[in-house]
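Just so you know, ligand 1 is whichever comes first in the structure, and atom 1 is the first atom listed for that ligand. Heavy-atom basis, side chains included; hydrogens, waters and symmetry copies ignored.
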Amino acid sequence: MQKTLLIIKPDSVSAKNSGKIIDFIENEGFTIKSMKLKTLSSDEAGEFYAEHMGKHFYDNLKEFMTSGPCIPIILERDEAILHLREVIGATDPAKAAQGTIRNLYGEGGTRNAVHGSDSPESAQRECSFFFPNEV
Ligand code: ATP
Ligand code: MG
């Protein structure tokens with residue numbers, strides 16, 4: 001079993017797609033281990049996405065991620081990290097495969113519905129970032 005971090009991003013929360021995304025994820029065999037509603041500060045969003053500092057979309061990404069509450073969730077499954085990335089789909093919702101979460105719920109560009117950890121190192125860091133006492 002492996003753990004990974006899903007974030008239901010502010011666009012999905014404000015569009016009231018959270019329940020549909022959680023239903024989708026549970027149907028893919030993931031178990032929810034931790035979950036909360038959280039509004040990121042600009043500093044927190046900057047730290048979470050530090051790897052993208054200096055890229056053209058960084059300021060826009062921080063503004064988006066602080067625009068309202070998001071829902072970070074620790075999920076568990078076999079091959080959780082890889083499988084979550086597969087069902088999330090490509091970064092750009094316009095390019096995400098049919099039936100993926102970003103295809104179904106992403107609005108476009110930065111507003112792409114969800115985040116998923118991209119490696120075991122990222123999953124460890126990102127789960128600890130939101131749930132420091134639980135991992
Ligand atoms: P995430 O890390 O959120 O799961 P990802 O791993 O698919 O997404 P990254 O390259 O890590 O993509 O980019 C982080 C986030 O920055 C993306 O989810 C998206 O919101 C935004 N982003 C990335 N590339 C672009 C781009 N070219 N134009 C606009 N926004 C972008
Ligand atoms: Mg990423």
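The distance between the ring centers of F24 and Y105 does not fall below 6.0 angstrom.
Of all non-hydrogen atoms in K3 and I81, the two that sit nearest each other are O-CG1, 3.8 Å.
Looking at residues two or more places apart in sequence or on another chain, you find a side-chain contact (heavy atoms from CB on, under 4.5 Å) between M53 and Y58. Residues passing the side-chain contact (heavy atoms from CB on, under 4.5 Å) test with A45, sequence neighbours excluded: L40, K62, M65, T66.
One side chain, H115 or E126, offers a donor N or O that lies under 3.5 Å from an acceptor on the other.
Under 4.0 Å from any atom of ligand 1, one finds heavy atoms of residues K9, Y49, H52, H56, F57, L61, R85, T91, R102, T110, N112, H115, G116.
Legend: salt bridge (charged side-chain N to carboxylate O under 4.0 Å, His left out) pairs involving residues 30-46, not counting sequence neighbours, sorted by first then second residue: K33-E76, K38-E44.
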